[in-house]
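Below you'll find the structure, written out as structure tokens, and then a few comments.
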Protein chains: 2
Amino acid sequence: MLKVDGHELERRLELFREAARAAGIKLTHQRLEIFREVAGSLEHPSAESVHRALSASMPTLSHDTVYRTLWMLTDLGLVSTLGPKRESVRFDANPEPHHHFVCLRCGLARDFVSTELNELRIPDSVSDFGSIQATQVEVHGICNDCQAQQPAD
Amino acid sequence: MLKVDGHELERRLELFREAARAAGIKLTHQRLEIFREVAGSLEHPSAESVHRALSASMPTLSHDTVYRTLWMLTDLGLVSTLGPKRESVRFDANPEPHHHFVCLRCGLARDFVSTELNELRIPDSVSDFGSIQATQVEVHGICNDCQAQQPAD
DNA sequence: TCCTAAATAGGATAGATTCCTATCAGCGTG
DNA sequence: CACGCTGATAGGAATCTATCCTATTTAGGA
């Protein structure tokens, strides 16, 4: 199990404490442990694996708490998600090289093309992880419709 | 509902017919309609929305058929998925700008950094979709562990 | 047209995520 | 430092997503 450096983890925990205080959010034991688990791992865990990892030391921890906390951390900007948020698998039948704009609120996804972005140089170190098949750019933002509904944060 | 240009759609359907023939896969009515639905949309639909869209004209279409067909199209290389395949939501507490390597088989995700990739120029047209918050590069491939298990395709 | 292997329908099942509500606890106040 | 209010939690039920199972159907070659 890969771990984040201890000092770095403490720094992230401090950021969380500050952000929680600023947002008027209570610092419960559950929240601190859940954040520690996500921030301390390099594996980008799922809610399920966070729950599994913590249930040894906190046998009564509920799934609901893990999910609520992770989304709360996401709202605070301390955590993000891989791929389109809270949704089912989405399919893409565009055979041309292309890139995606994805709305962080509603999951809307749109293609765009750019010959420049098709030819990115990826650091050599990445091939230590495995063989590379394709590379694409994901632009995250808020789509026009979502902005119209709830203009600013 | 945004639609792909008719000629382009016919071209993609023809590619599918050829690929199916080459792979010895039967061209059923269900498969053609499911492919038409995905290839004809710019919205990157989920399996559920494909099923919903088709159930008017094919009331007995089963969920299983939609899922099987979409994964089959993925295996043929005619369709891809957005984000890590067939998994639960994954969380990321790394506050520094970074990019991801994602294994297409097992969903393993790892961060890497690159100041060069942090400063990509995104086409102006993308801001027509909405406001941009962040940009990151996703490298898709097969991780070392998965390659060891099943070396080649 | 006939046959066979492959594909489908539909319901059961498994897994992920959210909802509901009674109980609990952080933290500001006195 | 005890008290009380309000937000947070536990636990189970409900929902949604995706897959599995099997009897029946069908594409496509002979």
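Excluded from the calculations below are hydrogen atoms, water molecules and symmetry mates; all remaining heavy atoms, backbone and side chain alike, are included. Protein chains get the first letters and strands the later ones, always in sequence-line order, with residue 1 at the start of each. Since the structure is predicted, the reported quantities are computational estimates derived from the model, not experimental observations.
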Flag if over 12 foreign heavy atoms under 6.0 Å of CG, D124(A) = no
query = Hey, what bend do you get for the helix from dT1(C)-dA30(D) to dG30(C)-dC1(D) if you fit axes on five pairs at each end, rounded to 10°?
reply = 30°
ask   = Can you check whether S62(B) has a side-chain N or O nearer than 4.0 Å to OP1 or OP2 of dG10(C)?
value = no
task = Using a strict cut-off of less than 4.0 Å between a Lys/Arg side-chain nitrogen and an Asp/Glu carboxylate oxygen, indicate whether R11(B) and E8(B) qualify as a salt bridge.
result = yes
ask   = So, do L32(A) and T28(A) sit near enough that their side-chain heavy atoms are less than 4.5 Å apart?
value = no
Distance, rounded to the nearest Å, where M72(B) contributes CE and dT8(C) contributes P = 7 Å
task = Say whether D111(A) and H99(A), considering side chains only, have a donor N or O and an acceptor N or O under 3.5 Å apart.
result = no
ask   = In residues 20-28 of chain A, which ones come under 4.0 Å of DNA chain D, going by heavy atoms?
value = K26(A), T28(A)
ask   = Across the strands shown, which category fits R68(B) at heavy-atom distances under 4.0 angstrom: base, sugar-phosphate, nothing?
value = base
inquiry  = Looking only at the side chains, is there a donor atom on one of H44(A) and N94(B) sitting less than 3.5 Å from an acceptor on the other?
reply    = no
message = What is the distance, to the nearest angstrom, from the CG atom on L54(A) to the P atom on dA10(D)?
response = 11 Å
remark   = Rounded to whole Å, the CG-P distance (L70(B) to dA7(C)) equals 15 Å
query = Under 4.0 Å between a side-chain N or O of W71(B) and OP1 or OP2 of dA18(D)?
reply = no
note = salt bridge (Lys or Arg N to Asp or Glu O under 4.0 Å) pairs touching residues 54-71 of chain B, sequence neighbours excluded, are D64(B)-R68(B)
query = Just how far, in rounded Å, is P of dG10(C) from CE of M58(B)?
reply = 11 Å
inquiry  = For L61(B), is there any backbone N or O sitting under 3.5 Å from a side-chain donor or acceptor partner on T65(B)?
reply    = no
query = Does a side-chain N-to-carboxylate-O contact under 4.0 Å join R17(A) and E14(A)?
reply = yes
Results of side-chain hydrogen bond (donor to acceptor under 3.5 Å, both in side chains) for D128(A) - residues two or more places apart only = none
inquiry  = Expressed as a whole number of angstroms, how long is the span from E33(B):CD to dT8(C):C1'?
reply    = 15 Å
query = Do V38(A) and L78(A) sit in the same hydrophobic cluster, where Ile, Leu, Val, Met, Phe, Trp and Tyr count as joined when their side-chain heavy atoms come under 4.5 Å apart?
reply = yes
ask   = Any chance the side chains of N118(A) and H98(A) put a donor and an acceptor closer than 3.5 Å?
value = no
ask   = How long is the line joining CZ of R17(B) and P of dG28(D), in whole Å?
value = 11 Å
inquiry  = Ring-plane angle category for F35(A) and F16(A), please: parallel below 30°, perpendicular beyond 60°, tilted otherwise.
reply    = tilted
query = Given dG26(C), is OP1 or OP2 found less than 4.0 Å from the side-chain N or O atoms of Q30(A)?
reply = no
ask   = Is any side-chain N or O of Y67(A) closer than 4.0 Å to OP1 or OP2 of dT17(C)?
value = yes
request  = Begin from the C-alpha positions of H140(A) and Q136(B) and carry the test side chain to side chain donor-acceptor pair (under 3.5 Å) through to its verdict.
outcome  = CA-CA 8 Å; H140(A) 294 175; Q136(B) 58 179 210; 5.0 Å; no
key: d(NE2, H51(A); P, dG15(C)) in whole Å   = 16 Å
For nucleotides 28-30 of chain C, which of its nitrogen or oxygen atoms have a protein nitrogen or oxygen under 3.5 Å away, and what is each distance?
none

task = Would you mind reading off the distance between R52(B) atom CZ and dC16(D) atom P, rounded to a whole angstrom?
result = 11 Å
query = Below 4.0 angstrom, N of the basic side chain to O of the carboxylate: do E138(A) and R110(A) qualify?
reply = no
Please tabulate, one pair per line, each protein N/O and nucleotide N/O from nucleotides 12-15 of chain D that are separated by under 3.5 Å, including the distance.
none

